[in-house]
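First the proteins, then the strands, lettered A, B, ... as listed; each starts at 1.
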Number of protein chains: 2
Amino acid sequence: MKKVPRISESEWMVMRVLWERSPLTANEVVERLSSKARWKPKTVKTLIDRLVKKGAVKFEKEGRRHKYYPAIGRDECIATERQSFLRRVYGGITKPMLAAFLEDAELSADDIAELKEILEQKAEE
Amino acid sequence: MKKVPRISESEWMVMRVLWERSPLTANEVVERLSSKARWKPKTVKTLIDRLVKKGAVKFEKEGRRHKYYPAIGRDECIATERQSFLRRVYGGITKPMLAAFLEDAELSADDIAELKEILEQKAEE
DNA sequence: GACGTTGGATTACATGTGTAATATTTTATG
DNA sequence: CATAAAATATTACACATGTAATCCAACGTC
């Protein structure tokens with residue numbers, strides 16, 4: 001289990017686009033972020049560079065352009081963030097916290113069914 | 001709805017002890033944190049000062065000592081963190097994210113029943 | 001009342017983050 | 001080939017954060 005680096009709020013936006021589709025050139029990343037954030041291209045470039053330095057993103061040279069792609073898994077990063085969040089705020093996963101999440105969520109009927117399924121499984125343990 | 005300030009990871013530890021019991025003197029906070037973190041007293045004092053500056057903590061003078069207490073609610077702060085986390089990581093609350101939480105959780109039968117209750121309520125909407 | 005002790009106030013300093021601008025290198029074009 | 005265009009690399013700079021140390025003021029003690 002390799003350790004995932006710490007990824008800042010802004011960097012997460014970059015990671016999200018790369019996880020969605022990659023490899024991408026810097027400009028493509030800028031393009032895909034333009035709807036989500038109003039950063040100057042240079043700012044996005046800085047974020048990409050920092051992610052490369054942290055080992056979260058790698059690239060291959062294709063001609064003079066670099067094609068960037070994630071070097072770490074989305075699920076791993078999410079798990080790390082989730083745990084950090086829970087430790088910080090609740091000191092662990094708690095029922096009130098889950099209740100709050102569920103209340104806030106927008107869920108389809110299928111989603112609800114699936115989550116109930118999980119709960120039923122747990123009830124049997 | 002007043003806006004809660006941003007609270008850093010270390011600051012959260014301080015807030016947690018103050019939410020648990022307050023008011024406390026700086027030294028009492030240091031004392032209560034000593035099992036959780038190995039910070040020098042001055043470090044804890046700095047964290048408290050920053051929280052005061054942010055408006056997250058207030059104090060009253062009792063003789064020459066200050067008695068500190070939270071100025072913002074735990075639940076509000078948690079809600080803010082939760083939303084920040086979700087926006088960052090998932091771009092909002094999603095079913096897969098909820099599923100991951102539920103899978104990880106340690107829940108009693110009552111907890112499970114209550115959560116199912118919430119889901120059923122949502123199914124009716 | 002001088003003095004040490006004990007808290008609070010001020011200052012420190014490296015690293016991270018948000019947000020870019022400038023400089024340099026590579027490439028396409030005339 | 002010279003030069004403009006484009007991409008990458010380097011530099012910038014203020015504020016946040018982790019982690020304290022030092023300075024100063026009030027209080028109790030002799």
Side-chain angles (χ1 to χ4, degrees), chain A residues 3-18 23-34 36-69 77 80-81 84-85 87-89, chain B residues 3-18 23-34 36-69 77 80-81 84-85 87-89:
Chain A
K3 208 173 280 245
V4 303
R6 183 172 273 270
I7 294 171
S8 83
E9 183 122 1
S10 302
E11 289 163 356
W12 262 95
M13 308 228 119
V14 174
M15 290 309 288
R16 295 236 305 277
V17 332
L18 287 174
L24 295 175
T25 66
N27 278 349
E28 283 163 347
V29 174
V30 168
E31 182 61 31
R32 277 154 182 273
L33 278 172
S34 63
K36 290 293 177 187
R38 47 241 122 76
W39 289 323
K40 301 286 163 63
K42 302 293 185 178
T43 301
V44 176
K45 197 47 180 81
T46 298
L47 293 172
I48 294 173
D49 288 345
R50 287 181 182 166
L51 285 166
V52 168
K53 198 165 299 176
K54 288 180 182 185
V57 164
K58 291 194 184 307
F59 63 86
E60 274 164 22
K61 288 176 220 231
E62 188 174 288
R64 68 262 130 216
R65 263 158 227 163
H66 293 186
K67 301 282 263 180
Y68 297 92
Y69 58 92
C77 288
T80 298
E81 284 283 334
S84 147
F85 163 74
R87 246 202 344 275
R88 166 167 54 220
V89 170
Chain B
K3 207 173 280 245
V4 304
R6 183 173 274 269
I7 295 171
S8 82
E9 183 120 1
S10 301
E11 289 163 357
W12 262 95
M13 308 228 118
V14 175
M15 291 308 289
R16 294 238 305 275
V17 332
L18 287 174
L24 295 176
T25 66
N27 277 349
E28 284 164 346
V29 173
V30 168
E31 182 62 30
R32 276 156 182 273
L33 277 172
S34 63
K36 290 293 177 187
R38 47 239 122 76
W39 288 323
K40 301 286 162 65
K42 301 294 184 179
T43 301
V44 175
K45 198 44 181 80
T46 298
L47 293 172
I48 294 173
D49 288 345
R50 286 182 182 165
L51 286 165
V52 169
K53 199 163 298 174
K54 288 180 182 186
V57 164
K58 291 195 184 308
F59 63 86
E60 275 165 21
K61 287 178 222 228
E62 190 173 285
R64 71 207 187 91
R65 265 160 224 158
H66 294 185
K67 301 281 263 180
Y68 297 92
Y69 58 91
C77 287
T80 300
E81 283 283 336
S84 146
F85 163 74
R87 247 202 343 275
R88 166 166 52 221
V89 170

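Rounded to an integer number of Å, the gap from CE of Met13(A) to C1' of dT19(C) is 15 Å. Nucleotide dA21(D) holds its P atom 15 Å from the CH2 atom of Trp39(B), rounded to whole Å. When the P atom of dA16(D) is taken as reference, atom CD1 of Ile7(B) falls 14 Å away, rounded to whole Å. Here dA20(C) presents its P atom at 15 Å from CD1 of Ile48(A), a figure rounded to the nearest Å. The separation between Glu60(B) atom CD and dG8(C) atom C1' is 17 Å, rounded to whole Å. Here the C1' atom of nucleotide dA9(C) and the CZ atom of Phe59(B) are 11 Å apart, to the nearest Å.
A sub-4.0 Å separation between OP1 or OP2 of dG18(C) and a side-chain N or O of Ser10(A) is present. Between Asn27(A) and dA7(D) there is a side-chain polar atom (N or O) within less than 4.0 angstrom of OP1 or OP2. Put simply, Lys54(A) has a side-chain N or O that comes within less than 4.0 Å of OP1 or OP2 on dT17(C). Thr43(A) has no side-chain polar atom (N or O) that falls below the 4.0 Å cut-off from OP1 or OP2 of dG18(C).
In this model, a side-chain donor or acceptor of Lys42(A) finds a partner on the base of dT22(C) within 3.5 Å. Not a single donor-acceptor pair, N or O on each side, falls under 3.5 Å between the base of dG7(C) and the side chain of Lys61(B). Not a single donor-acceptor contact under 3.5 angstrom links the side-chain atoms of Lys45(A) to the base of dT8(D). Residue Thr46(A) places a side-chain atom within donor-acceptor reach of the base of dA20(C), judged by atom type and a 3.5 Å distance cut-off alone.
When distances are taken from the side chain of Arg64(B) to each of dG18(C), dT6(C), dG18(D), the shortest belongs to dT6(C). Distance from the side chain of Glu9(A) is smallest for dG18(C) among the nucleotides dA20(C), dT19(D), dG18(C). With dT17(D), dA9(C), dA20(D) as the choices, the nucleotide that has an atom nearest any side-chain atom of Ser8(B) turns out to be dT17(D).
For Glu31(A), the CD atom is loosely surrounded, since the number of other residues' heavy atoms within 6.0 Å does not exceed 12. Taking a 6.0 Å sphere around NZ of Lys67(B), one finds it holds more than 12 heavy atoms contributed by other residues, nucleotides or ligands.
At least one donor-acceptor pair under 3.5 Å links the side chain of Arg16(A) to the backbone N or O of Arg88(B).
Backbone-only engagement by Arg65(A) is indicated by non-hydrogen atom pairs under 4.0 Å involving sugar-phosphate atoms exclusively.
Along DNA chain C, the nucleotide nearest Arg50(B) and the nucleotide nearest His66(B) are compared for position; the residue whose nucleotide lies closer to the 5' end is His66(B).
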